[in-house]
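Please read the structure below before turning to the comments.
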2 protein chains.
Amino acid sequence: MNSEFVIAVHSLVLLAHRPEGMATSEEIAENVCTNPVRVRKVMGCLRKHGFIGTREGSGGGYRLSRDPDEVTLADVYRSLAAGSLAPSWCSGDPEKDCVVSSNMAEVMNAVFCGADRQLEAYFEGITIGRMLSQVKAKQQA
Amino acid sequence: MNSEFVIAVHSLVLLAHRPEGMATSEEIAENVCTNPVRVRKVMGCLRKHGFIGTREGSGGGYRLSRDPDEVTLADVYRSLAAGSLAPSWCSGDPEKDCVVSSNMAEVMNAVFCGADRQLEAYFEGITIGRMLSQVKAKQQA
DNA sequence: GGATACTGTAATAATATCAGTTACAGTTGA
DNA sequence: TCAACTGTAACTGATATTATTACAGTATCC
């Protein structure tokens, strides 16, 4: 899995955890353990898809613009990791004479599309809000 | 997805397509569009898991040792790509004070374990034999 | 027995992908 | 006007992936 997906989910959970205010890319990066530029890139994508709002300038940062219980991992997955399951590489060669070699790419592709849908369905059942609860539950223990 | 998985599946379908005899690593590599060493490495793994038999020496090669309709992609996945869904990288830091940062890795890991099981269940429904049929069906069209 | 055609495997080299850093223009608030 | 942000692009370095080369081991055929 695309690690931008992980950063996105972590960031959203963090924002859900402090709904009062904003977090800057530096704060988020510190929390996630990566660098601010990477965070800003991911957040830019989340903004385009309406998950968060940004405020530029001094005192700015990012803020959740949706109810954490309404945002599913499937939403996030679709926004920045859809289709990431299929390997970039395709086996076989359509030009070849062999039945297997010439048609494998297409069949394999269908398999991975199905897998992608399956994965998406699974993510559909997990919300940012639920992940926040789980994180808090771990703390108790 | 691990491209060794793709090579493995393609190779098994190819062997199923010519059940009479064997295929050498060079033939398979040509068909898959990669190099023979890579194929031998993957096949070595498939052999250890009992999917194929090998014969060394002149006239040797690889041969299916199971009914193609009994071998599922889940079997193959478990053999050489299990757990590949989770990114190598983990967000957060258990040492941090923040609830989110310190517990995210664990929660995220649980999510990906679930996703992996989901994927495996999907692959359970696809056999090598079925993929061979699909490949042949494409040819008709 | 010896030549030939394979597998098995390690080591290395080439290439592609991914992540971190630096730099800077644009925006906002005090 | 200054300080603190975001948004991006370009560059660098690290890491992962793939291909290549090389060679020992093994079976077959003559």
Side-chain angles (χ1 to χ4, degrees), chain A residues 1-8 10-11 14-15 21-65 80-81 83-93, chain B residues 1-8 10-11 14-15 18 21-49 51-65 80-81 83-93:
Chain A
M1 174 75 48
N2 194 330
S3 71
E4 292 196 346
F5 174 79
V6 173
I7 294 175
H10 187 138
S11 302
L14 181 64
L15 289 177
M22 309 194 112
T24 68
S25 62
E26 200 165 319
E27 289 170 323
I28 297 173
E30 160 84 9
N31 200 278
V32 168
C33 294
T34 183
N35 65 81
V37 177
R38 211 148 124 70
V39 169
R40 292 205 287 268
K41 186 158 166 270
V42 171
M43 297 313 262
C45 190
L46 291 179
R47 174 175 48 79
K48 274 174 203 150
H49 287 88
F51 298 110
I52 60 169
T54 60
R55 210 167 68 208
E56 297 188 5
S58 178
Y62 303 93
R63 187 205 309 256
L64 256 196
S65 58
L80 46 69
S84 68
L85 208 57
S88 50
W89 184 73
C90 265
S91 77
D93 174 3
Chain B
M1 174 72 51
N2 194 331
S3 70
E4 293 197 344
F5 174 78
V6 174
I7 294 175
H10 187 138
S11 303
L14 181 63
L15 289 178
R18 40 164 98 170
M22 310 194 109
T24 67
S25 62
E26 201 165 318
E27 288 170 324
I28 297 174
E30 160 82 9
N31 200 277
V32 169
C33 293
T34 184
N35 64 79
V37 178
R38 211 146 123 71
V39 169
R40 293 205 284 266
K41 187 159 164 271
V42 172
M43 297 311 265
C45 191
L46 291 180
R47 175 175 48 80
K48 274 175 200 147
H49 286 87
F51 297 109
I52 59 169
T54 59
R55 210 168 67 208
E56 297 189 3
S58 180
Y62 303 94
R63 186 206 309 259
L64 257 196
S65 58
L80 46 71
S84 68
L85 208 59
S88 50
W89 185 72
C90 264
S91 76
D93 175 2

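In what follows, chains carry the letters A, B, and so on, assigned in the order in which the sequence lines appear, proteins first and then strands, with residues in each chain numbered from 1.
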Using whole Å, what does the distance between atom P of nucleotide D:dC5 and atom CD1 of A:Ile52 come to? 16 Å

Find the distance A:Glu26:CD to D:dT6:C1' and express it as a whole number of Å. 12 Å

Tabulate protein N/O versus nucleotide N/O from nucleotides 27-30 of chain D, keeping only pairs under 3.5 Å, one per line.
| residue | atom | partner | partner atom | Å |
| --- | --- | --- | --- | --- |
| D:dA27 | N3 | B:Ser58 | N | 3.3 |

List the residues meeting side-chain hydrogen bond (donor to acceptor under 3.5 Å, both in side chains) with [X], not counting sequence neighbours, and say none if there are none.
{"X": "A:Ser25", "answer": "A:Arg40"}
{"X": "A:Lys48", "answer": "none"}
{"X": "B:Glu30", "answer": "none"}
{"X": "A:Ser3", "answer": "A:Arg38"}

Using the side-chain contact (heavy atoms from CB on, under 4.5 Å) criterion, which residues pair with [X]? Sequence neighbours excluded.
{"X": "A:Met22", "value": "A:Arg55, A:Arg63"}
{"X": "A:Cys33", "value": "B:Asp93, B:Lys96"}
{"X": "B:Glu26", "value": "B:Thr24, B:Pro36"}

Contact interval (first through last nucleotide) of DNA chain C with protein chain A, 4.0 Å heavy-atom: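 So the contact region on DNA chain C extends C:dA19 to C:dG29.
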
B:Arg18: what forms a salt bridge (Lys or Arg N to Asp or Glu O under 4.0 Å) with it, not counting sequence neighbours? B:Glu27

Nucleic acid contacts of residues 32-49 of chain A, taken as heavy-atom distances under 4.0 Å to DNA chain C: A:Thr34, A:Asn35, A:Val37, A:Arg38, A:Arg40

Closest-nucleotide 5' rank along DNA chain C - winner of B:Ala23 and B:Trp89: B:Ala23

Backbone N/O of B:Ile7 and side chain of B:Thr34: donor-acceptor pair under 3.5 Å: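 Not a single qualifying donor-acceptor pair exists.
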
With a 4.5 Å limit on heavy-atom distance, are the side chains of A:Lys41 and A:Cys45 in contact?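 Answer no - side chains too far apart.
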
